[in-house]
Number of protein chains: 2
Amino acid sequence: MTYADSMDTTAPGPRPAPAPGSAPRRRDKAATRAALLDAARLRFGRHGYDGTGVRDIAADAGVDAALVFRYFGSKQRLYAEAVRAEVPAGLAADRRRPLEEVTADLLHDVVFADWSAYDGEHPLLVMLRSSGRDHVRAQLRTRICDDYLGEFARRLDGPDAALRAELLGALLLGMGVMRSLVGSPALGEASYERTRPLVDRLVAALAQAEEDGR
Amino acid sequence: MTYADSMDTTAPGPRPAPAPGSAPRRRDKAATRAALLDAARLRFGRHGYDGTGVRDIAADAGVDAALVFRYFGSKQRLYAEAVRAEVPAGLAADRRRPLEEVTADLLHDVVFADWSAYDGEHPLLVMLRSSGRDHVRAQLRTRICDDYLGEFARRLDGPDAALRAELLGALLLGMGVMRSLVGSPALGEASYERTRPLVDRLVAALAQAEEDGR
DNA sequence: AGCATAAGTCATCACCCGTTGACTTATCTC
DNA sequence: GAGATAAGTCAACGGGTGATGACTTATGCT
């Protein structure tokens, strides 16, 4: 038995909406592709690469699993496209902006932003969870190093600028992990406004170059 | 053909070591259990929970996969036991030790310690990679909160002591992620001695309670 | 030496995985 | 309305999964 039998099969209007909850959705390649991507983001975000099956994603999107391969080629390519997130503009844009401003922006736009499309986690954290796969690990590494650490180091000076840049990266990354992955009590509930002065203090401590010797 | 045929089968000594690379290993429950745990740590460390099969672990240990279930009950319980790592003594021991000392010890004994038994990563980072599973996530959360964050907060004062404690935890955790999981260039190569003064500076910035208002 | 017991193996189950190709059906154009 | 084309479905494949229970074999005791 299909969704609409025993009624008169002559469709009366534009669409009779056979069942309220399971409208078959007008056939639309682009919309279906987007729905698959949205579902993939949520599933991969919550359960990781290995914990997510293409059948789960397709079911969430309301289509057959075969469409994943028709539209994306493979599960791996769907994953790569799903976790692709644009680095916030304004980081690399103006090289003159001081580190304090850039960090505050990142805190607001990355750590404390709304990533509910990825089940509450930034795509980088989502990838962290699936870093057992080599292709994920490689993507993660280049993303962090190229998009963020380089911009930090450029705004620091001194012989160990790279190291201090990575400490700043570690702090922000760790905050993200604490908030979403670990779900720690204080950071999980804290607001951007309450956290920012503390982070500012830490950035200031990192910004001053070598002064107290080794 | 078995491992030792055509030779005189009367074993001369304690063990003739039939083949150098594939000694059948004297039957020893405890030793086999330990070998399974070691192999599990490496496998889970490198490939995560879902990316590791019980057959892989058993093959590394040189035994049949069925023994995993005989000795541990399930893959999940083997995992739980494999990633169990003792929190370094001396953290909770003397409550009088100041935060600076405790942090330096943690930096040395956790972040920069030799975790080659877990494929180079602290068990908490190993768990991070498999946090798509709810039982891993729960274990990770209680471990971090109970073993570390509480000890940090105890040594801080002020209204937002918990928040500052979690920022310190985020820094250390992030450093671990950077070093092993991301493999960032500077932190990955840096030594404990070179990193410590920078971390000390950050801890000092966190230790001072609210002074500059909100 | 012989036997009881435990250590280890083997075959197997039921299920889920990513992927493929052939099939069906809705939508758009003339 | 008929036909073409693309969107979506279906069934199946080969292989890997965790887990189970019956079987074999080495070890230690008497």
Side-chain angles (χ1 to χ4, degrees), chain A residues 1-5 9-11 13-18 22-36 39-40 43-44 47-80 130 132-133 135, chain B residues 2-5 9-11 13-16 18 22-36 39-40 43-44 47-80 130 132-133 135:
Chain A
M1 58 191 74
T2 56
Y3 52 87
D5 55 343
T9 56
T10 64
R15 183 137 291 266
S22 69
R25 248 207 297 120
R26 209 169 153 73
R27 291 190 169 181
D28 182 342
K29 181 174 181 174
T32 301
R33 231 189 91 102
L36 280 171
R43 283 273 177 185
F44 285 137
H47 299 109
Y49 182 82
D50 287 303
T52 300
V54 293
R55 286 171 176 82
D56 304 326
I57 298 173
D60 288 353
V63 295
D64 190 89
L67 285 189
V68 166
F69 303 92
R70 197 189 283 295
Y71 292 158
F72 299 94
S74 70
K75 179 191 180 183
Q76 201 172 118
R77 285 220 280 274
L78 167 62
Y79 182 83
S130 302
R133 299 277 174 166
H135 68 273
Chain B
T2 57
Y3 52 89
D5 55 344
T9 57
T10 64
R15 182 135 293 261
S22 69
R25 251 209 291 120
R26 209 167 153 72
R27 291 191 170 181
D28 182 342
K29 180 174 181 174
T32 301
R33 231 188 92 102
L36 280 172
R43 283 273 177 186
F44 285 138
H47 300 109
Y49 182 82
D50 287 303
T52 300
V54 293
R55 287 168 177 83
D56 304 327
I57 298 172
D60 288 354
V63 294
D64 191 90
L67 286 190
V68 166
F69 302 95
R70 197 190 281 297
Y71 291 158
F72 299 94
S74 70
K75 178 190 180 184
Q76 202 172 118
R77 284 219 280 275
L78 167 62
Y79 183 82
S130 302
R133 298 278 174 166
H135 67 272

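Heavy-atom basis, side chains included; hydrogens, waters and symmetry copies ignored. In the text below, chain A, chain B and the rest are named by the order of the sequence lines, each starting its count at 1.
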Can you measure from NZ (B/K29) to CZ (B/R70) and round to the nearest 0.5 angstrom?
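It is 8.5 Å, given to the nearest 0.5 Å.
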
Which distance, rounded to the nearest 0.5 Å, do you find between the CD1 of B/I57 and the NE2 of B/H47?
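The NE2 atom of B/H47 is 11.5 Å from CD1 of B/I57, to the nearest 0.5 Å.
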
On DNA chain D, compare the nucleotides closest to B/D50 and A/D64; which residue's is nearer the 5' end?
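Upstream on the strand: A/D64.
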
Would you indicate, yes or no, if [N] has its OP1 or OP2 atom less than 4.0 angstrom from a side-chain nitrogen or oxygen of [X]?
| X | N | answer |
| --- | --- | --- |
| B/R55 | C/dC10 | no |
| A/R26 | C/dT27 | yes |
| A/T32 | D/dA7 | no |

[X] [atom1] - [N] [atom2] separation (whole Å):
| X | N | atom1 | atom2 | result |
| --- | --- | --- | --- | --- |
| B/K29 | C/dG8 | NZ | P | 9 Å |
| B/H47 | D/dG16 | NE2 | P | 15 Å |
| B/F72 | D/dG18 | CZ | C1' | 16 Å |
| B/F69 | C/dG8 | CZ | C1' | 15 Å |
| B/R70 | D/dG18 | CZ | P | 18 Å |
| A/R33 | D/dG8 | CZ | C1' | 16 Å |
| B/R133 | D/dT17 | CZ | P | 13 Å |
| B/Q76 | D/dT17 | CD | P | 17 Å |

Report yes or no: does A/D56 contribute a side-chain atom to a donor-acceptor pair with the main-chain N or O of A/G53 at less than 3.5 Å?
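The answer is yes, because a donor-acceptor pair under 3.5 Å joins these two groups.
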
Nearest of [options] to any side-chain atom of [X]?
| X | options | answer |
| --- | --- | --- |
| A/A66 | D/dG18, D/dC10, D/dT25 | D/dC10 |
| A/K75 | C/dA7, C/dG18, D/dT17 | C/dG18 |
| A/L67 | C/dG8, D/dG8, C/dC17 | D/dG8 |

Taking side chain as C-beta onward, heavy atoms only, is B/F72 less than 4.5 Å from B/L67?
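No. Closest side-chain heavy atoms not under 4.5 Å.
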
Nearest heavy-atom neighbours spanning A/F69 and A/S74:
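Result for this residue pair: CD2-CA, 3.9 Å.
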
Nearest nucleotide by nearest heavy atom, which residue falls closer to the 5' end of DNA chain C, A/G73 or B/V63?
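Here B/V63 is the residue nearer the 5' end.
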
How would you label the contact of B/Y71 with the nucleic acid (heavy atoms, under 4.0 Å): base, sugar-phosphate, or nothing?
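Answer is sugar-phosphate: B/Y71 comes under 4.0 Å of backbone atoms only.
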
